[in-house]
Structure formats: C-alpha cells, structure tokens
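Below, read A as the first sequence line, B as the second, and so on, with proteins coming before strands; counting in each chain starts at 1.
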Amino acid sequence: MSLRLHDTATRSVRDFVPRVPGEVGIYLCGLTVQSPPHIGHLRSAVNYDVLRRWLMRSGYRVTFIRNITDVDDKVLTNSAKAGEPFWALAYSNERILSDHYSRLGVLDPTYEPRATGHITEMHDLIATLISDGHAYPAEDGSADVYFDVKSFDRYGHLSGQKPDSMQPAEDGPERAKHDPRDFALWKGAKPDEPVEAQWPSPWGRGRPGWHIECSAMCWRYLGPEFDIHGGGLDLVFPHHENEVAQSQAAGLPFARFWVHHGLLNLGGSKMSKSDGNVIDLPSIMALGVRPVELRYYLAAPQYRSVIDYSEEALREAASAYRRIENFAERASERFGAGEPGVLCAEFVEAMDDDLNTSGALGAVHDVVREGNTALAAGEDTTAQGALASVRGMLDVLGLDPLSPQWSSGGSSEGLRPVVDSLVALALEQRAAARTRKDWAAADAVRDRLKQAGVVTEDTAHGPRWTIEGR
RNA sequence: GGCGGGUUGGCCGAGUGGCUUAGGCAAGGGCCUGCAAAGCCCUGUACGCGGGUUCGAUUCCCGCACCCGCCUCCA
C-alpha cells in the first residue's frame, strides 16, 4: 500500500502517483505577511511539514516551495498605518513567521520565494493570457488587467462553484470589468499608493493582483505541471480557483493534487486577524505550554478536520505528549537514545490513508505502553526496540523528543551537568536516610528538591530527576 | 440562494454494516512503592433527531435540526 491523498479537485481520496517517479514537487500557499502569524497559520505549516516528512520517509525526493506574499492591499494598508514602507512591515512579519516556524520544528522549505521577486514571470503570464484572449487591459486608463472568466470554461471546477449561481459581490462590479467575476491580474497604481509599491509593466505602472504571484512562482520553481498544491480550505475559492484558471488558460497543466487543510476555530468561528479572535505562539507559551506540545496539539487531529481551539484540549494534548516523552527519556537514560527505527504497520497504514495522524498516534501510544511494560520488566531488548520505533514514528510527525530540535533545553542546557552533580549530592543524603529508614529525613530532601523545581522519583535502577514543567 | 464539511462516552479524537466497536486526557478501583512519582492492570460504555434498506446500522439511503467553512481580504 502507498499513500492515498484527498484531492479537492475530484473531491475524493486517490492514490498518490508522482509526476516523476521518486520525486515530489509541493507548492504551499504561505502567508501574506500583513501581520504576525497566529496558531491557525502554524497549523497549516505543521500539516504540510508532516506531509513532507511522510513523503521523505516513503523514499521521495521532495522539493518544497512555500511562498511569501509580501505586497497586497492589506500589507499596504497596515504599513501606511504604521508609517513605514510596505517592505519593512512585510519583512518584519516574515522574520517573526520564520521564527515561529522554526520553534515548531517546521523544516525549512527548499525555497521560499517572495511575490515581489517574480514580477517578470507574472508579466510573462499576463502577456500570454492577453494574447490568447483570456485577459484584457482595462479600457479606463487605470492600467488594470483582468482575467476573463467567461473565456475559460472550466472556471469553477476546482471549488465546485457554478459561476452563474454565485452570490454577486456586495461592492458591485467595477466599471472596468467586463464581468463582475473577472479578477485582477495587474492592479494599476492609484494616486495615493506609495511609489515603492509600484512596478513598470507593459500596461502601466502598478502591482500584482492577488492570485497571479502563486501561478508565477509555481511555474518558476516547479515547472508547468507539479504534484501537490496545498493551502487552507478558505483559499479554495477564490484564490486557488483563480490560480488554476489563469495558469491553465496560459497553457500550464498545473497541480495534479489539491490538498486543503481544515481551519482552526476559536469561539465558534475561524481564527482570523480581521475578526480579532486570534491566539499566537507567544500567548500559548505564556500558558506554560511548550512549542512541541503545541505541535502535538496541531498535528494530532487529521489535517482536514476543524480544530475548535480550547485551552483544555491543548493541555490534554500536552499531557498526552508528555507520556510519550517520558517513555523516550526513561528508555534513553537506560541505554542511550539510539537511532529512530522501524515504523509499525498500523502507523504506516494510518499515514498512508490520507495522513490519518490521529490513527497513527494511536499506534505510537500502543508501542509506548509495550515499551513501558518492557522497561518495568527489565526486558531491555524489547524496550530498546520500542524506543527506536517510537522515535521513528514521532520523527515522521516532527515530534521525536530526542531529536536535537526538542531535546536540548536551550541556553540553560550547559548547566545540566552542574545541576546533575548538585542533585546527586542531595540524593546521596536521601539514599543514606532511606538506608537507615529515616523516612522523614529522606522525604525532607525530596521536598527541598521539589521546592527548587527538581522532581525526583525512584526507579528500579535508582533515582532519577527532572526539572518540573521543564 | 449556491457549494462543501461536521454532529462519537466527562473532554479531545479515530473508526467500522455484526466479530476483540482505536488511542489520549480526566475520574474511580487495584498492583508496584517505606511514602510518593512514574508505570502497569481493571472499570464507565458513546455514536444529533426521525424514517427507510437489511437477519442486523453508529456505520448505507432519505428527511429534519443544529454547527462550521466558502461564495468578500483571509492558512
């Protein structure tokens, strides 16, 4: 069995067959960097990171392109409000985004192109569309260029929309459009817009329409046809519909699979900057929840399902992750971390079934239980095997507790040997007290350590300690 | 109005025409422990409502209710 993926275009789960055997090209719609990211955006990144890791683990060479849209209406609006150039605001948000991605263990993309770096490719596409009769420059001298929706009979195919039954836009048709559903490929510069957000074009100075940048970047980095295009469910229409229309009308076969992930809701509606119901990584960390625990929370449900954010569910996920982590740490203290090993069949089957991470984690927990039992029984070979397997499976999800990403305690890690020897001193005292059955003295040592944030526990192989809440 | 998705035990969340009906969190009981902690074992017994198909439906079909997303910037 091999990977089966849900494809939005056919509304079905299909066998994934790459265009070129052994190789996969993925384009993920990244962010418009109008403001810093919230955890809904991070869910998106984590979901496709899991897809990518699973493809890599399955033996594919993966080219992963995730774009940054660094110029659009909102970027301009927000930068005007902030009184800084649009590129300063965009870049500042982009850096925050990168930081949050890396804190969540999201692998760096193969390349991360920016819209503003691909104006010439957009011009090429637009010129082709105009000469083939799929686009037209506005006749009002605005320098706008519009895509002619009626000229492309498959318009609406991806999202299942029938253009004729669509609700008319509230703001009414723009005069320059032949049809209210036509969308801008190129937006002519307005008098009040900053010159640094304008580029020359054969149709006049202006900037890209919203969708054209993705068509241009897909084409540039993945070629006329590629394997997987991903993004949030809220992008299906109009963004992806318009993207596929303009690309195919320009003669590019485009994406073979459309993968869309479910959204993250807060308070009964989609987490959204414009609605103000937003939670970001810093506020999650302020709850005492670590990034790896957030990653578990975001990765555990199947990617197409809705997540209704709640702090309770987040904390439950953190507890579930700690259980796995606990096993991995105990086992590695016994006989070293080893290397990530074989995946169990249930895990593979679940992942191949449209990335059923929830089912896959069920398999992980089963192995953790077996590992714990083996550890308690002193069956070292079994326990070691369980550790390797758990690490291998968690690595696919980007959650291996012993990977360098998560295992180091950051800047304080260098202090660990120091603390270790100090705690050892205290534990010797406790051991002595226990030997003479002076339980009060033994417990006093343990209590003092607890007050200092050091949790001690007795195991079959002697006492061990951990930092409380790490 | 159009398109799509959802409703599973206290909570999160898979899944399936019956068979052993995941897994986690929380709860109760037990084992282990000097006491703990961690771990292990056991317990709860669920599939929005109403019809239909079927020997049998949580799972398939129809209807209804409610929720969410999209049709407008949005991961």
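- The base of B/rG34 sits within donor-acceptor range of the side chain of A/Arg430, with an N or O pair under 3.5 Å.
- Between A/His6 atom NE2 and B/rG6 atom P the separation is 9 Å, expressed in whole Å.
- Here the separation of B/rU59 from B/rU7, taken at their P atoms, is 12 Å to the nearest Å.
- We find that CD of A/Glu346 is positioned 15 Å from P of B/rG15, with the value rounded to whole Å.
- Between A/Asp353 atom CG and B/rU16 atom P there is a gap of 8 Å when expressed in whole angstrom units.
- Pairs engaging residues 353-388 of chain A under the ring-ring contact (aromatic ring centres under 6.0 Å, His included) rule: none recorded [sequence neighbours left out].
- Base pairing in RNA chain B yields stems of at least 3 consecutive Watson-Crick or G-U pairs, both distances under 3.5 Å, namely B:1-7 with B:65-71, B:10-12 with B:23-25, B:27-31 with B:39-43, B:48-52 with B:60-64.
- Annotation: A/Phe237, atom CZ; neighbour count of heavy atoms from other residues, nucleotides and ligands within 6.0 Å is above 12.
- If you take CD1 of A/Ile68 and P of B/rA75, they are 11 Å apart, rounded to a whole angstrom.
- Among the atoms of the strands shown, only primed sugar atoms or phosphate atoms (P, OP1, OP2) are found under 4.0 Å from some heavy atom of A/Ser269.
- A/Phe257 carries A/Arg14 over the face of its six-membered ring, with the cationic atom under 6.0 Å from the centre and within 45° of the normal.
- Using a 4.0 Å heavy-atom cutoff across all strands shown, A/Gln302 reaches sugar-phosphate atoms only and no base atom.
- Minimum heavy-atom separation, A/Ala299 to A/Thr357: O-OG1, 2.8 Å.
- If you look at A/Tyr146 and A/His178, their ring centroids are not closer than 6.0 Å.
- Atom P of B/rA37 sits at a distance of 28 Å from the matching atom of B/rU45, rounded to the whole Å.
- Defined by atom type and a distance below 3.5 Å, a donor-acceptor pair is present between the side-chain atoms of A/Tyr221 and A/His118.
- Distance CD (A/Glu333) to P (B/rA38): 15 Å, rounded to an integer number of Å.
- Across all strands, A/Ser305 comes closer than 4.0 Å only to sugar-phosphate atoms, never to a base (heavy-atom distances).
- Nucleotides B/rC19 and B/rG29 are separated by 31 Å at their P atoms, to the nearest Å.
- Rounded to an integer number of Å, the gap from CD of A/Gln161 to P of B/rG69 is 16 Å.
- Between B/rG15 and B/rU53, the two C1' atoms lie 23 Å apart (nearest whole Å).
- Contact of A/Arg330 with B/rA38 (side chain to base): no donor-acceptor pair of N or O atoms is detected under 3.5 Å.
- Taking a 6.0 Å sphere around NZ of A/Lys190, one finds it holds more than 12 heavy atoms contributed by other residues, nucleotides or ligands.
- Look at the P atom in both B/rG51 and B/rC31: the space between them is 49 Å, to the nearest Å.
- As judged by a 4.0 angstrom heavy-atom cut-off over every strand, A/His261 is placed among the base-contacting residues.
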Any chance you could list the contact pattern along nucleotides 18-33 of chain B? Use B for base contacts, S for sugar-phosphate-only contacts and - for none, protein heavy atoms under 4.0 Å, 5' to 3'. ----BSBB--------

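- The A/Asn326 side chain lies nearest to B/rA38 when the options are B/rC71, B/rA36, B/rA38.
- When the C1' atom is used for both B/rC68 and B/rG44, the distance is 31 Å, rounded to whole Å.
- Listed here is the closest heavy atom pair of A/Arg295 and A/Val50: NH2-CG2, 4.0 Å.
- Looking at heavy-atom distances under 4.0 Å, A/His239 makes no contact with the nucleic acid at all.
- Taking each heavy atom of A/Gly230 and A/His240 in turn, the nearest pair found is O-NE2, 3.9 Å.
- Among the protein residues, A/Gly230 comes within range of no part of the nucleic acid, since none of its heavy atoms lies under 4.0 Å from any strand.
- Contacts of A/Leu31 with the nucleic acid, taken as non-hydrogen atoms under 4.0 Å apart, involve only primed sugar atoms and P, OP1 or OP2.
- Sequence order on RNA chain B of the closest nucleotides to A/His240 and A/Arg464 puts A/Arg464 first from the 5' end.
- If you measure from atom CE of A/Met271 to atom C1' of B/rG69, you get 15 Å, rounded to the nearest angstrom.
- Residue contacts for A/Leu42: at a heavy-atom cut-off of 4.0 Å it reaches no nucleic acid atom on any strand shown.
- For B/rG69, neither phosphate oxygen OP1 nor OP2 lies less than 4.0 angstrom from any side-chain nitrogen or oxygen of A/Asn265.
- For A/Tyr48 and A/His261, the ring centers are positioned less than 6.0 Å apart.
- Distance NZ (A/Lys81) to C1' (B/rC73): 12 Å, rounded to an integer number of Å.
- Distances shown here put every side-chain N or O of A/Asn356 at or beyond 4.0 Å from the OP1 or OP2 atom of B/rA14.
- Between B/rC70 and B/rG10, the distance separating the two P atoms is 31 Å to the nearest Å.
- Cation-pi check for A/Arg430 over A/Trp439 is not met; the charged atom does not lie both under 6.0 angstrom from the ring centroid and within 45 degrees of its normal.
- Considering only side-chain N and O atoms, A/Ser159 lies nowhere under 4.0 angstrom from the phosphate OP1 or OP2 of B/rG69.
- With a 6.0 Å radius and a threshold of 12 heavy atoms from other residues, nucleotides or ligands, A/Trp87 has its CH2 atom at or below the threshold.
- Side-chain polar atoms of A/Glu112 and A/Asn67 form no donor-acceptor pair below 3.5 angstrom.
- Note on A/Gly268: only backbone sugar-phosphate atoms sit closer than 4.0 angstrom, heavy atoms only; bases stay farther off.
- Look at the P atom in both B/rG30 and B/rA22: the space between them is 26 Å, to the nearest Å.
- Here A/Gly40 lies in heavy-atom contact (under 4.0 Å) with a base.
- Between A/Lys270 and B/rC70 there is a side-chain polar atom (N or O) within less than 4.0 angstrom of OP1 or OP2.
- Two residues, A/Phe237 and A/Gly262, neighbour RNA chain B, and the one matched to the more 5' nucleotide by heavy-atom proximity is A/Phe237.
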